Each structure stands twice: as C-alpha cells, then as structure tokens.
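Values below: all heavy atoms of this structure, side chains included; hydrogens, waters and symmetry mates excluded. Being a predicted model, the structure only gives us computed values, none of them experimental. Nothing fancy with the numbering, it's 1 onward along the sequence.
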Amino acid sequence: MWKEVRDRETGTLLPLSLVRRLRSRRLAALQLSNRKEIVSPHHGAVNSLQVDLTEGRYLLSGASDGSAAVYDIQHTTDYDGGLIAKHKNLFVVDKQHNHGHKFAISTAIWYPIDTGLFITGSFDHHVKVWDTNMIQVVMDFKMPGKVYGTAMSSIATAHMLIATGSADVQVRLCDIASGAFTHTLSGHRDGVMSLEWSTSSEWILMTGGCDGAIRFWDIRRAGCFCVLDQSRSQLGRRPPFSQGTPKRDFIASTVSTGKSSFEKTPVSQKRMPVGNGKKQLTTSRKNQNVSGGPSTQRLHPGMSSSHNRATAHYGAVTGLRATSDGMYLLSSGSDSRLRLWDIESGCNTLVNFEAMRLQTSKAIQLAAFQDSSLVFVPSMASVKAYDMWSGTNLGTFRGHYELVNCCYFNLQDQELYTGSNDRQILVWSPSIPAVTVMEEDDKKGQTLSTDRDNWSD
C-alpha cells in the first residue's frame, strides 16, 4: 500500500485511481464483522435500512412489528468481552407510542439534508414525519392503501416532496412544507411498489409498479414521459446518437433540463386567400391532421397506446436503484431478474446477471456502489454482489437464517448492513482495516533489521 501512496506522491498514480483501488480492495475483503454488532430491538422482520446522508453516523431501521429504531454506528454503547463493539438503539418508536404505526413499517428514510427528521411508511395506510429530537410525529399523511415505499430527492433544492407508492394505482407527492398532497401521478394499472428519484435532476421521478412497468415522470408536467420496455435494448454502454433514430427514443433533454424530448413541429403560417375563409380554414386543418401535423405528436411517448402497455419485468417491479451519476437504473422484479437500464435512451443494456432468486411478495432494497461498479442484491437468505457491467457474481454473503429484505452500503465506513426476516441486522466490513494493511507493509520492510543482532554481518 505504501508503494501506491508513493506513486500518488510522485504523480504516476492519480489520486482518484488510488481511492478506487483501495476501495475495491476493501470491498473484496467484505465479511461478517467480528468487531461490530448492532443489537436489534425489533420483534419482526427488518424491512428497511438507511444511514443518514449528512453525517454518515446514524442508522435508521423499520420493521414488520411496527417499530422504527435509530442507532449510532460510530460510537459504541457496550463491549462484549472487550472485543465486539455493540451498538444499541438510541431510541425506538413502536406500537406503544401514542402516534406509532399500528401495522408493519415497510419503509423508513432520513430527511436528506438533516438528521432532525425521518419518514416512515406503513401498512396502516399512513406516512409519518418524525422529529428525531422530540421523538414525536410532526406530520401525518393518510394514504388510500398500504404504503409500499417512500422516497425523497437527495439533490432537491426547490421542493421538499415525499413520493409515496401504495396499493393504490396512483403515486402521491406529499409536501412537507405545506403538509398536504401537491398532486397525484396516474398511469400505473396496479399498486406502486418501488420509487427512486433521479440523481441528476430533482424533477425526475422513477416508479416501478406491480403491473411490471417502470415509468419516468417529470413532476412539473402531467403524465409520464417514458415507459421502459424490456424488448427495447442496446448492447453494452450508451451508443452514440444516430441520425436515423427518432428523437422520442431518447430522454436526455428531459432528465437534464426537464423538457420533454417530444417537441411540437411548428405549423407553417400561410396567407389565406380572399374568399370563403371558413371553408378553406377547415380544409387546411384536415390536411394538417392527415399529413401528421402537431395534433398527432402532442402526447408524451409514454402516454401513447403502444408505449403505455410496455413492461420492464414479467411481474412486479420490486426494487429500483439509480447510479450516483444518474446515467443508469437498476431494477429487480418478481421474475427473479435484475436489469440495468440506460436512463438517457431508455434501453435495456442486456447485462446478463448470473442466476438469482428474488422475493416475489414484497419490495426489496438494493444497494449500489458506483466507484467499484458493484451492486448488492438480497437473494432469499443471502446477499449477492454483482459486477454492474458484466453481471458476474463476485460473492455471496451468508449469515441470515431467513429471507433478506434490505441492504444498505455505507460509503464512509465501507460497511454493508443487511436486514432479514430473522429480525437481525448484520454488519459486513472489510476483514483487515486500512491502518492494519499499512502497518503490515511497514513490518515487511523492517523484518530484516529486527532479526539482526550486533554480531550479524
């Protein structure tokens, strides 16, 4: 490792390359931690995990017994025999709380820019916003069905919207600032199980439904502008734009600027001759409709009859995860398939992920790590790590006794957290800390000098 540090100092190795190399090395050494343990207070399956995005210090969990808990993963609360650091919850809100959920909590997320608030969604048809310091509900949104998922944009500066998916076919946007629903997004033909905001535009929302469709929405406009189709594909990463490709095949302008890529064609303004103007005006309108004028291009591509029924999976879409650069989207389905989508072109990249078995009855939480191109997928009672571009299975993490529902990768500590139906939260960390690796490199260089005595030549 010291050699790589010296290469960075001399300029032969770029700093970013060094960071990626060290992270990849540590990720390859992930195993069940023998130094850290999270003491779970839940009496039901753990359905959701997330570390706050501001400090990277507090872990939030939600479980099927209607409880949510917060842990400090950086400061230890107790030691077991002086070796294992135990992290107990800072507080728990459960059914005994005056404003707690009555049924299972399906989703629990932090407010993106502050640890003072967190959001929970439950099968009791409620989405609640909690004050972390007071441990009280400050806002409550009543939904028309069981809540499957919630999401907030981590890059939003102009809105504070909570996108919620439920057993109802409509996606509802809840505004924390006003405490009311701003509007609903209609298009799915069944419940909405997974939601994900774009990481490159605060206005773009991606939703996956039980109808097998993944829809892209610009929340400033009515209707979805794209529906992903698994039969529409491209090999590998994004190809260059071709002249013969229609503009509606690409949604780059929508994701980057929020404008629809389906533009209206200008109507040629011709001077009307003197005479029966009404008759000639009617004739000209008919000619415009027959020749494919603006009236035939007014709908979004996702709202046309051919695109509206496209499906991304043969079954419910159980998970969505966008890459940190906002260029690709990972989706999992009840058909036990994991697909990688090019967000700009809306194409399936045809990455063949090796065989896996996924849950079919509930949403799962994926974890993606952009720098090393890794994606962690809950697969029955284990978690599998895949290379995002080749689909190769790089490892399987086994430690839970029952189905794994969620996983979250903490970039700051390079740790993976997993939650399961066995009510446990496991920590997966590199087997050798970075400091230990550097110390071992020093020892290798000092071995000869330490073994010598005063009589050695």
Side-chain angles (χ1 to χ4, degrees), residues 48 50 52-54 60 62 68 70 93 99-101 105-188 191-209 214-225 254-255 257-260 300 302 320 322 326 363:
S48 180
Q50 188 185 27
D52 70 279
L53 304 177
T54 53
L60 174 65
V70 175
V93 288
H99 302 284
H101 289 286
I105 291 180
S106 56
T107 173
I109 59 174
W110 284 106
Y111 185 62
I113 60 175
D114 188 9
T115 57
L117 296 175
F118 66 92
I119 298 96
T120 57
S122 170
F123 283 2
D124 61 3
H125 301 194
H126 286 270
V127 173
K128 298 185 178 183
V129 181
W130 298 79
D131 186 312
T132 308
N133 299 315
M134 301 298 295
I135 318 179
Q136 295 292 331
V137 175
V138 295
M139 211 161 292
D140 191 351
F141 298 95
K142 181 70 169 62
M143 306 300 293
K146 295 179 180 179
V147 178
Y148 292 140
T150 58
M152 292 193 71
S153 175
S154 59
I155 61 173
T157 57
H159 66 79
M160 295 187 295
L161 298 177
I162 307 172
T164 59
S166 65
D168 187 58
V169 297
Q170 293 179 327
V171 179
R172 283 172 168 78
L173 300 181
C174 313
D175 188 9
I176 295 181
S178 63
F181 298 105
T182 57
H183 52 285
T184 59
L185 307 176
S186 302
H188 285 284
V192 180
M193 191 170 285
S194 53
L195 308 98
E196 181 79 359
W197 287 91
S198 171
T199 53
S200 60
S201 173
E202 62 179 301
W203 308 108
I204 304 302
L205 176 67
M206 298 164 284
T207 59
I214 297 177
R215 294 177 179 268
F216 288 14
W217 313 82
D218 186 337
I219 62 174
R220 297 168 297 180
R221 291 169 172 81
C224 70
F225 62 83
T254 309
V255 176
T257 64
K259 296 181 180 180
S260 174
H300 286 285
L320 293 175

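Closest of all the heavy-atom pairs between G100 and K128 is O-NZ, 3.4 Å. The nearest pair of heavy atoms linking P112 to S153 is CG-O, 3.5 Å. Of all non-hydrogen atoms in M206 and A322, the two that sit nearest each other are CE-CB, 4.2 Å. Residues R215 and G187 share a closest heavy-atom pair of NH2-O, 3.0 Å. In terms of heavy atoms, S106 sits closest to S48 at O-CB, 4.1 Å.
Under the 6.0 Å cut-off for aromatic ring centres, H159 and W197 qualify, their centroids lying closer than that.
At least one donor-acceptor pair under 3.5 Å links the side chain of H183 to the backbone N or O of I219. The backbone N or O of W203 lies less than 3.5 Å from no partner atom in the side chain of R220, so there is not a single donor-acceptor pair. Looking at E202, its side chain does come within 3.5 Å of a backbone N or O of T157 through a donor-acceptor pair.
If you take CH2 on W217 and OG on S186, they are separated by 6.5 Å, rounding to the nearest 0.5 Å. Here H188 contributes atom NE2 and C224 contributes atom SG; the two are 7.5 Å apart, rounded to the nearest 0.5 Å. Taking OG1 of T115 as the reference point, atom CG of L53 lies at 11.0 Å (rounded to 0.5 Å). With values rounded to the nearest 0.5 angstrom, S166 atom OG is found 11.0 Å from F123 atom CZ. Taken from CD in E196 to CG in L320, the straight-line distance is 6.5 Å, to the nearest 0.5 Å.
The salt bridge (charged side-chain N to carboxylate O under 4.0 Å, His left out) test applied to D168 returns R172, not counting sequence neighbours. With sequence neighbours excluded, no residue forms a side-chain hydrogen bond (donor to acceptor under 3.5 Å, both in side chains) with D114.
Annotation: side chain of T120 is in contact with side chain of W130 (closest heavy-atom distance under 4.5 Å). In this structure, the side chains of I155 and T199 stay at 4.5 Å or more apart for every pair of heavy atoms. Contact annotation: the side chain of I162 approaches that of V129 to within less than 4.5 Å [non-hydrogen atoms, C-beta and beyond]. Contact annotation: the side chain of W110 approaches that of T132 to within less than 4.5 Å [non-hydrogen atoms, C-beta and beyond]. Side-chain contact between C174 and T164 is present, with at least one heavy-atom pair separated by less than 4.5 Å.
A perpendicular orientation is assigned to the rings of F225 and F216, their planes being inclined by more than 60° (bins at 30° and 60°).
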Scan the side chains in residues 135-149 for donor-acceptor partners under 3.5 Å anywhere in the protein, sequence neighbours excluded, and list what turns up.
| unit_1 | atom_1 | unit_2 | atom_2 | d |
| --- | --- | --- | --- | --- |
| D140 | OD1 | H126 | ND1 | 2.9 |
| D140 | OD2 | H126 | ND1 | 3.3 |

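Screening L205, V169, D218 for a side chain to side chain contact (heavy atoms under 4.5 Å, CB included) with L185, the sole residue that qualifies is L205.
Side-chain contact check for T107 and T150: at least one donor-acceptor pair (N or O, by modelled atom type) lies under 3.5 Å.
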